[in-house]
Amino acid sequence: MLIKALCDYAEKQQASSSQNASVPEYYRPQKISYRIVLSPEGKLLDILPQQHLETYYDKKGKEKQKDVPDTIYLPIRTEKSGIESNYIEHRPLYIFGLNYEKENNQGFLTPDDRTNKARKSHKAFVEHELAFMDGLDSEICTAYRRFLETWDPEQETENPVLRQLGAAYSGSYFGFTLGVGKANLEEDPELIAKYQEIYRKAHCQTDTETDTVCSILGERLPIARLHNKIKLHGGQSSGCQLVCMNDDAFESYGKTQSFNSGVSDKAMKLYTDQLRNLLEDSQHHVLLNGMTVVFFAMCQNDEPQCDFFASMLGGSMDQQTEHSIQKLLTYAKGGYTGDPEAIRRMEEMNNVTFYVAGFTPNAARICQKFIYRDRFGNLIQNLLKHQEDLRIREQDTHPIPFKWINKELVSPKSSNKDVPPPLESSIILAALQNTRYPDALLATVVRRVKTDQDDENDAKGGKYIKLNRVRAGIIKACLNRKNHKEEITMAWNEENRNPAYICGGLFAVYEKIQQDATPGTLNRTIKDAYFSSACSRPASVFPTLAKLSQNHLHKLGEGGRVFYGRLVGGLMNQLEGEFPQTLSLDDQGRFIIGYYQMNQKLYTRNEETKEDET
């Protein structure tokens with residue numbers, strides 16, 4: 001499904017771009033910062049900048065601009081490690097055979113290095129390209145061939161054209177041209193035809209007797225022998241493959257390598273190019289710990305859909321995007337009253353098919369952890385339900401991104417902040433499909449609440465609270481979806497008779513009594529000493545807490561003793577004087593929610609009392 005979707009999406013994007021429609025087969029996009037201007041005799045005349053200003057938004061939503069290299073299309077780049085030249089090289093070390101070094105704050109060019117890599121790279125480049133250019137006689141090809149024959153790195157260390165680049169030399173990529181408005185090397189028709197013939201012979205199964213109907217495009221086409229590598233965060237620097245049969249155990253019916261997959265070379269080019277583009281475009285992917293989430297809508301301009309989904313994952317957004325997202329959410333709730341044309345556009349946007357896929361690297365392969373496909377309108381409705389399930393207080397209206405959820409699944413003191421990809425995938429799919437959350441999510445959050453400690457300051461200097469609205473909201477959402485009813489409401493529920501829930505509320509009351517009795521003098525509260533045990537085995541802890549609370553009550557005024565006495569008495573009556581011996585995982589979640597909601601109720605009452613007194 002994913003490869004087919006990527007191919008369909010690529011064709012839609014090509015249809016909307018005349019530039020992409022004219023890209024030669026087996027060519028790939030490549031960013032370059034400069035063009036090398038050659039004379040007809042192959043001499044280096046000049047180096048022209050190939051950059052443009054691009055607008056972007058920083059994390060605070062402020063608009064900024066930066067220089068970005070231009071994109072041209074070149075023959076497929078080599079993906080092998082070690083020294084190997086490309087067809088039409090773009091790397092400075094290969095082209096010029098020179099390193100840029102610094103000594104005493106002075107930069108200079110030299111062919112010398114510890115491993116002799118500069119000389120070896122340039123030699124490989126010259127040998128490879130001279131063999132490839134044999135028989136190509138156009139003006140630009142002739143100039144390129146003469147450059148290969150005459151350029152001597154040893155004699156060019158003081159070349160003024162190169163030296164003007166300074167430190168930018170090493171990190172820049174280059175293209176070849178005869179000058180502004182003249183021929184560019186990679187666009188030469190004879191060169192393109194020769195390269196395509198070489199590539200087909202090396203990578204495609206071209207025997208018509210063994211051609212196969214492509215499992216993606218449905219046409220009888222040559223099958224790809226190898227699938228192109230794709231660079232994924234955390235994977236090998238040379239890239240990973242989504243489709244790969246690199247062992248005899250994966251082969252069948254006498255078909256070796258990727259001939260097993262039945263994917264044509266044409267389809268392979270489409271899906272690998274498009275996935276690369278999505279992974280290079282920050283608008284179409286978000287990194288969640290070690291998993292890369294890629295998303296796109298099956299239309300030519302999917303910016304509104306992708307902006308919305310990126311914000312739900314935790315991507316940054318500017319004010320204009322935030323405004324558009326609020327309009328989308330209001331429309332999805334049925335409360336948008338904009339002009340008819342705006343409503344029509346939203347309806348069209350919601351009817352588009354939307355895809356989400358999660359990837360992690362595994363050695364030389366890409367692991368697809370999950371894939372989701374649905375109407376964009378259904379996705380919005382499911383995410384709205386997800387946010388509503390997570391909401392634990394009426395006043396909380398800001399969406400909780402998936403990045404916030406991930407943060408709450410890891411101890412703040414842990415050096416490893418990654419959430420296991422299987423758990424992360426299950427959480428995202430549950431939200432997108434409006435299904436039950438994984439049991440591991442509830443277990444993880446309950447464990448974190450029981451084992452973490454409230455700290456005055458976290459690693460970033462802010463106050464850390466182990467039971468916050470996000471963790472409480474996650475527990476509420478897990479329990480309600482598991483039991484298919486709104487068992488847990490947004491505030492303390494007087495009608496909830498679950499013993500675990502009541503025990504949690506009673507623990508919050510005992511803690512508040514202790515705090516009111518000894519304000520500002522406690523280094524360790526009953527929460528620090530007894531919370532984890534009370535959450536698991538109430539019967540072994542609550543008798544002790546009851547005795548301690550009696551001591552604390554004596555230190556309060558008459559009004560406090562009456563208020564708390566009635567509150568404790570009412571909760572004890574609901575428990576019928578008997579505490580549960582042990583609590584299951586679900587009941588531990590109910591205990592935590594009861595504690596959280598009673599805390600909210602007690603502190604809200606405290607604030608209201610202060611306002612009445614003033």
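Throughout, residue positions are numbered sequentially from 1 according to the sequence presented.
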Start with the C-alpha distance between K269 and D273, add both sets of side-chain angles, then the distance that settles salt bridge (Lys or Arg N to Asp or Glu O under 4.0 Å), and finish with yes or no. CA-CA 6 Å; K269 176 181 180 294; D273 282 358; 3.7 Å; yes
Before you tell me yes or no, could you show the steps for F147 and F176 under ring-ring contact (aromatic ring centres under 6.0 Å, His included), namely the whole-Å CA-CA distance, both residues' side-chain angles and the distance that decides it to 0.1 Å? CA-CA 11 Å; F147 172 79; F176 287 88; 5.8 Å; yes
Could you go step by step and tell me if L44 and I36 meet the side-chain contact (heavy atoms from CB on, under 4.5 Å) rule? CA-CA 7 Å; L44 175 59; I36 299 168; 3.4 Å; yes
What do the steps show when you test I88 against L191 for side-chain contact (heavy atoms from CB on, under 4.5 Å), and what is the final call? CA-CA 10 Å; I88 310 178; L191 182 149; 3.4 Å; yes
Apply side-chain contact (heavy atoms from CB on, under 4.5 Å) to the pair N159 and T157, showing each step before the final yes or no. CA-CA 6 Å; N159 188 294; T157 56; over 6 Å; no
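With Y87 as the partner, the ring pair (Phe, Tyr, Trp, His ring centres under 6.0 Å) test is satisfied by one option alone out of Y199, Y144, F132, Y26: F132. Each of Y355, F309, F354 was evaluated against F296; a single residue qualifies, Y355, per the ring pair (Phe, Tyr, Trp, His ring centres under 6.0 Å) test.
Taken from NZ in K194 to CG in D188, the straight-line distance is 11.5 Å, to the nearest 0.5 Å. For the atom pair OG1 (T142) and CD (E139), the distance works out to 8.0 Å, reported to the nearest 0.5 Å. Atom CZ of R145 and atom OG of S138 lie 8.5 Å apart (nearest 0.5 Å). To the nearest 0.5 Å, atoms CZ (R35) and NZ (K182) are separated by 14.5 Å. Residue C367 holds its SG atom at 9.5 Å from CG of L232, rounded to the nearest 0.5 Å. Distance check: Y34 OH to I47 CD1 gives 8.0 Å after rounding to the nearest 0.5 Å.
Although no hydrogens or angles enter the test, the distance criterion places a donor-acceptor pair under 3.5 Å between the side chain of S215 and the main chain of G262. Not one N or O on the side chain of N362 forms a donor-acceptor pair closer than 3.5 Å with the backbone of I366. Between the H285 side chain and the E280 main chain, no donor and acceptor come within less than 3.5 Å of each other.
A donor-acceptor pair shorter than 3.5 Å cannot be found between the side chains of Y94 and H128. Side-chain contact annotation: Y27 with E186, donor-acceptor N/O pair under 3.5 Å absent. Counted by atom type alone, H52 and D67 present zero donor-acceptor pairs between their side chains at under 3.5 Å. Side-chain atoms of N289 and E424 include a donor-acceptor pair closer than 3.5 Å. A donor atom on one side chain and an acceptor atom on the other are not found under 3.5 Å apart for S33 and Q50. A donor-acceptor pair shorter than 3.5 Å cannot be found between the side chains of N382 and Q433.
Nearest heavy atom pair, residue P111 against residue P153, reads CB-CB, 4.5 Å. Heavy atoms only, all atoms of each residue included: R146 and P40 are closest at NH1-O, 3.1 Å. Heavy-atom minimum distance, N99 versus D112: ND2-O, 3.5 Å. Shortest non-hydrogen contact noted between V419 and L423 is CG1-CD2, 3.9 Å. Contact between L313 and F295 at its shortest, heavy atoms only, is CD1-CE2, 3.6 Å. What you find for E11 and L270 is that their closest heavy atoms are OE2-CD1, 3.9 Å.
Taking the side chain as every heavy atom from C-beta outward, N277 and L279 never approach each other to under 4.5 Å. By the 4.5 Å heavy-atom criterion applied to side chains, S425 and M291 are counted as neighbours. For the pair F125/N86, no side-chain contact is recorded, criterion being any heavy-atom separation below 4.5 Å from C-beta on. Residues E54 and Q65 have side chains not in contact (no heavy-atom distance under 4.5 Å, counting atoms from C-beta outward). When side chains are defined from C-beta on, L278 does not count as touching R276, because their heavy atoms never get closer than 4.5 Å. The side-chain heavy atoms of L185 and T177, taken from C-beta on, include no pair separated by under 4.5 Å. Within the 4.5 Å cutoff, no side-chain heavy atoms of L178 are placed close to those of V37. Two residues are said to be in side-chain contact when any heavy atoms from C-beta on lie closer than 4.5 Å; L2 and F359 meet this criterion.
For K266, the NZ atom is loosely surrounded, since the number of other residues' heavy atoms within 6.0 Å does not exceed 12. Residue Y173 qualifies as open at atom OH: its count of foreign heavy atoms under 6.0 Å is 12 or below. In R77, the CZ atom is crowded: over 12 heavy atoms of neighbouring residues, nucleotides or ligands sit closer than 6.0 Å. Enclosure of atom NZ in K43 is not indicated, since only 12 or fewer non-hydrogen atoms of other residues, nucleotides or ligands lie within 6.0 angstrom.
In this pair, F174 and Y169 present their aromatic rings tilted. The plane angle is within the 30 to 60° band. Classified by interplanar angle (parallel below 30°, tilted 30° to 60°, perpendicular above 60°), the ring pair H227/Y271 is tilted.
Within the structure, salt bridge (charged side-chain N to carboxylate O under 4.0 Å, His left out) pairs that include any residue of residues 154-170 comprise R119-E154, E158-R163 (at least two apart or interchain).
Scanning for salt bridge (charged side-chain N to carboxylate O under 4.0 Å, His left out) contacts around E103 gives an empty result, with sequence neighbours left out. With sequence neighbours excluded, the residues satisfying side chain to side chain contact (heavy atoms under 4.5 Å, CB included) with N351 are R375.
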